[in-house]
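Not measured: the values here are computed from a predicted model. Read the numbers this way: they start at 1 and go in the same order the structure lists the ligands and their atoms. Residue indices begin at 1 and follow the sequence shown.
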Amino acid sequence: MSAGRGLAGLGMALFLTACQGQQSALSGGGAESDRTLALTVLLGVGGAIIFLLVAGALLVALRGPRRWRSFLSAHTLVVHGGITFPAVVLSLLMIYSFAVLRAGPVPESGPDEPSHVIRVEGLQWWWRVTYLQPDGSEIETANEIRIPVGEPVRLELISADVIHSLWIPAYAGKLDMIPGHTNTLTLLASEPGTVRGQCAEYCGGAHALMALSVTAMLPPSYERWLAGQAEPSQPGETTGHRAFLSAGCGGCHTIRGSPARGRVGPDLTHLASRPSLGAGTLENDAAGLARWLDDHHQVKPDNLMPDYDFLTASEQAEIVTYLSELE
Ligand code: CUA
C-alpha cells in the first residue's frame, strides 16, 4: 500500500514538475494561455469529480448494501444519470468552449490592430524573425522573439519550405506555418520573462532541434533593444572579419554593416546578443561557436550549412572571436 502511495506521489510530482518552467502551457504568461489554462482546469477538475462519482457508484453497485444497490438500479436514476446529466453537462461545456474560442485576447483587425507586427518564418530548422516597422522598414534577427509586455503583438507565420508549427506554450496555443499561406497569432504578455518555444510539427530530421526563445520586456527596454537591433554591427576590420568573408560565409549570412549579404542562413548582425546558437541547440559562447563550426552536422544533422573543416585552427579561432563580438 505504501509502495503504491509512493508511486502515486512520484507520479504527481513528475506531473507537476512537467507543468512548470520555461515551456509550459500552465504557467499562464499571457492572455491566450490564461484562457487555455482556465479551460484546462475546468475540464480537468470537472472530469475528475465525475470520474470519482461514477467510480463510487460502481463500488456501491458491486459491494454496497442491498438498499443502496436498489436505489442505483432505479429507472429514474438510470435515465437522468445516464442521459439527462451527460447531455446537459456536455452541452454547457460545448457552449463554454465556443465562447472561449471566440473571445480572442485582442482584436485581430480594425482600429485596434496591434501596432507591433513580427513576421516569423519557419525554415529547416530555424526561425527567421523580422520586425515590421510602421515606416515600412524591417529589422531581421533569428531564433529569438522579443515582445513588449502589455501590448498586443501580431505574429505573421509563414514557411520557406515544409509545414512547421510555432508553439510558445506560455503565451499561446500552437499554430501551423504553411508554405504559401500566412497564419496570424496575437500574443499579449502579462509580465516580463523569458520562455522557450518549439516547432510542434514534424518537419524533417532535426525537427526536435528547432527551438526558440521568447522574451517579454517592459516597453521602454523593448524599444531600446529593437533600436539596437536596427543598427548595423560595428565589427571593425579584424582578421576574423576578413577570414569570415574569405571563407565565403557571407554567401549565406548577412552581417549588416559588412559586405556579407547572404539570405540562406540566419542574419548574424547581432549574433552575440542572442540566447543560443543553432536555434536552441548550443550555448552562445566561444565554445559553442567553435563546436558549431567544427561539428554542426553532428549538432544539427542535415542542416544546409557546408562543412568548414578546411579552416585552419587559427582562422577558426579568429572567426569565433569575430562572431562573439557581434553584440
Ligand atoms: Cu520545424 Cu518541426
In this structure, is the centre-to-centre distance between the rings of Tyr131 and Trp225 below 6.0 Å?
yes

Is the Tyr222 ring parallel, tilted or perpendicular to the His116 ring (thresholds 30°, 60°)?
perpendicular

Within the 4.5 Å heavy-atom criterion, are Leu293 and Ile319 side-chain neighbours or not?
yes

Cut-off under 2.8 Å, centre atom 1 (Cu) of ligand 1, protein N/O/S atoms:
His164 ND1, Cys199 SG, Cys203 SG, Met210 SD

Do Trp127 and Met210 have side chains that get closer than 4.5 Å, going by heavy atoms?
yes

Would you say the rings of Tyr96 and Phe98 are close, in the sense that their centroids are separated by under 6.0 Å?
no

Reference residue Glu140; test side chain to side chain donor-acceptor pair (under 3.5 Å); the match among Arg263, Arg119, His270, Gln229
Arg263

